[in-house]
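Shown next, in structure tokens, is the structure this report addresses.
A note on names: the letters A, B, ... follow the listed sequences, proteins ahead of strands, and every chain is numbered from 1. All of these numbers come straight from a predicted model, not from anything done at the bench. Values below: all heavy atoms of this structure, side chains included; hydrogens, waters and symmetry mates excluded.
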Number of protein chains: 2
Amino acid sequence: MDKVVTRKPVEPDPGQSRYAAVAEALRQRIVNGEWPPGTGMPSETSLASDHGVALGTLRQALTLLSKQGLIERRHGKGTFVRSGLAGAPMLRFFRFGAGDGEVPESRILTRKAAVASPDVARRLGVARGEPVLRLQRLRSLAGQPRLLEDIWLPLPVFDALVDVPLADIGNLLYPFFEATCGVAVARATDEIGFAMLSAAQAKALDLQAGHPCAVVTRQAYDLAGRCVELRITHGDAFAFHYSVTIT
Amino acid sequence: MDKVVTRKPVEPDPGQSRYAAVAEALRQRIVNGEWPPGTGMPSETSLASDHGVALGTLRQALTLLSKQGLIERRHGKGTFVRSGLAGAPMLRFFRFGAGDGEVPESRILTRKAAVASPDVARRLGVARGEPVLRLQRLRSLAGQPRLLEDIWLPLPVFDALVDVPLADIGNLLYPFFEATCGVAVARATDEIGFAMLSAAQAKALDLQAGHPCAVVTRQAYDLAGRCVELRITHGDAFAFHYSVTIT
DNA sequence: AAGTGGTCTAGACCACTCT
DNA sequence: GAGTGGTCTAGACCACTTG
């Protein structure tokens, strides 16, 4: 029996380049958990002979995955599967006069299981009426409440969160997701809009009802592309600030 | 006399890769106007022998310039110097229910030469008190005023704009800059914030004073990296909408 | 010193675009 | 068919990291 490490040389789909096919194969191996997030992959030389392509081709594949944010290459050390977003900092959208990279203190206000409303279901990518977990979370800097977050999580996946003591949930949610539920957030989309605070929201944020606020609607996805979180964040509009460069 | 087309093989600065050096050389040739925006550059093969490097290395240099948005490669046709931003559409920040890619009608409200205030000078990157041209511009969709823009332009460069009939200025500013003053906008930075409309602003936009508005502060740069425009745009905050993906 | 990713070369062939 | 950029190969050497 042929037990050489060499896999069958990838057969690119017609119209697809070989390095794209290799990249897809590697992506599968990553998603299947062959190299868990944060761990190192085999060397380029070994991967190349493994997939039966030249080194240059293998490198093109890795470059592609790197551009997609799936892996990270460190000169002299190796190629690593990127662990989830350490925390896609909401604070980058706001200027509260906080120190660089300061992590706001978090408090969970409410937690309850529910069924997905049509709107939530659509944005989570699940069927209407599916069970979800809903959190409300207040984030403060220097004792001052700054951000109010409404979070919906698909439930079969996040069952472990239903009963965990609230005190165990740290200030950063994504690392906690990964440690407790094995869910790594790989990608997120933020949509920015604008609204007025409701009376309840204003009270939590120590502002007045009708105060203008920025609304950040986030959808977070895991490696396989499933939406694993819907989060709607409200914060003082006058503290909002964001910068984009176009070319 | 040696008159071969081959240039002296680039000598990369220590700590710099060869392809980076080639890219820098090409960037210079572009900025110097050797290949004007929109025109095609010589073939990769010819550029490679021209700079005395292997084809692969030359391609790495072009890839770098391409990532920087300086050039554009078209399979089977050639490599082209990117012409300026056709118009970095302000409308992408707003949802006015306009059709896709619809260009708002523009009207110049005021035009006057002035000297740069400290703040304007800083953001334009010129000395305080330098002459500038100030425009105020109202942009409408379906007859409805939607965006109010305050624009500052450095004056020696934009002299031609001081006397041109306002009617000659079309709905898109950047192509007009390029045609009239030879200034191509290659890159722009937009900073987003929120504020309240002043009475004058509100009147122009057909809204009420104190109405919440989104403020987009744009700095536009030419190929050489000089700031050639400062623009502050105000629009209804409730029409604001923007989306970012992070990985 | 050994192992990793990064750069560079020289040459072959493929896919697209235009005439 | 001629010219362009895109892919692929095989091999050499460089630069960074670690034991």
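For the pair D190(A) and R231(A), the salt-bridge criterion is not met [side-chain N within less than 4.0 Å of a carboxylate O].
Less than 6.0 angstrom separates the ring centroid of F177(A) from the ring centroid of F158(A).
With hydrogens and angles disregarded, a donor-acceptor distance shorter than 3.5 Å links the side chain of Q219(A) to the backbone of R123(A). Between the side chain of N32(B) and the backbone N or O of E34(B) there is no donor-acceptor pair closer than 3.5 Å.
Among the atoms of the strands shown, only primed sugar atoms or phosphate atoms (P, OP1, OP2) are found under 4.0 Å from some heavy atom of T79(A).
For DNA chain D, the contact window with chain B, defined by any atom under 4.0 Å from a protein heavy atom, covers dG3(D) to dT7(D) in 5' to 3' order.
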**OP:** Run the numbers on T79(B) and R73(B) for side-chain hydrogen bond (donor to acceptor under 3.5 Å, both in side chains), then give the verdict.
**Re:** CA-CA 4 Å; T79(B) 304; R73(B) 302 206 267 191; 5.4 Å; no
Subject >> side-chain hydrogen bond (donor to acceptor under 3.5 Å, both in side chains) evaluation trace for Q68(B) with R187(B) >> reply: CA-CA 10 Å; Q68(B) 297 172 351; R187(B) 185 171 61 83; over 6 Å; no
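Checking E229(A) against Y221(A) by side-chain atom types alone, no donor-acceptor pair falls below 3.5 Å.
Across V228(B) and L124(B), no two heavy atoms sit closer than the pair C-CD2, 4.5 Å. What you find for G235(B) and L147(B) is that their closest heavy atoms are CA-CD2, 4.0 Å. When every heavy atom of I108(A) is checked against every heavy atom of R137(A), the shortest pair comes out as CD1-CD, 4.1 Å.
Nearest-nucleotide mapping onto DNA chain D: of M41(B) and Y19(A), the residue sitting toward the 5' end is M41(B).
Residues from residues 55-64 of chain B that place a heavy atom under 4.0 Å from any atom of DNA chain D, listed by number: R59(B).
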Is there any protein nitrogen or oxygen under 3.5 Å from a nitrogen or oxygen in nucleotides 16-19 of chain C, and what are the pairs?
| from | atom 1 | to | atom 2 | distance (Å) |
| --- | --- | --- | --- | --- |
| dC18(C) | OP1 | K77(B) | NZ | 3.1 |

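Atom-to-atom, CZ of R74(A) to C1' of dG3(C) comes out at 16 Å; the value is rounded to the nearest Å.
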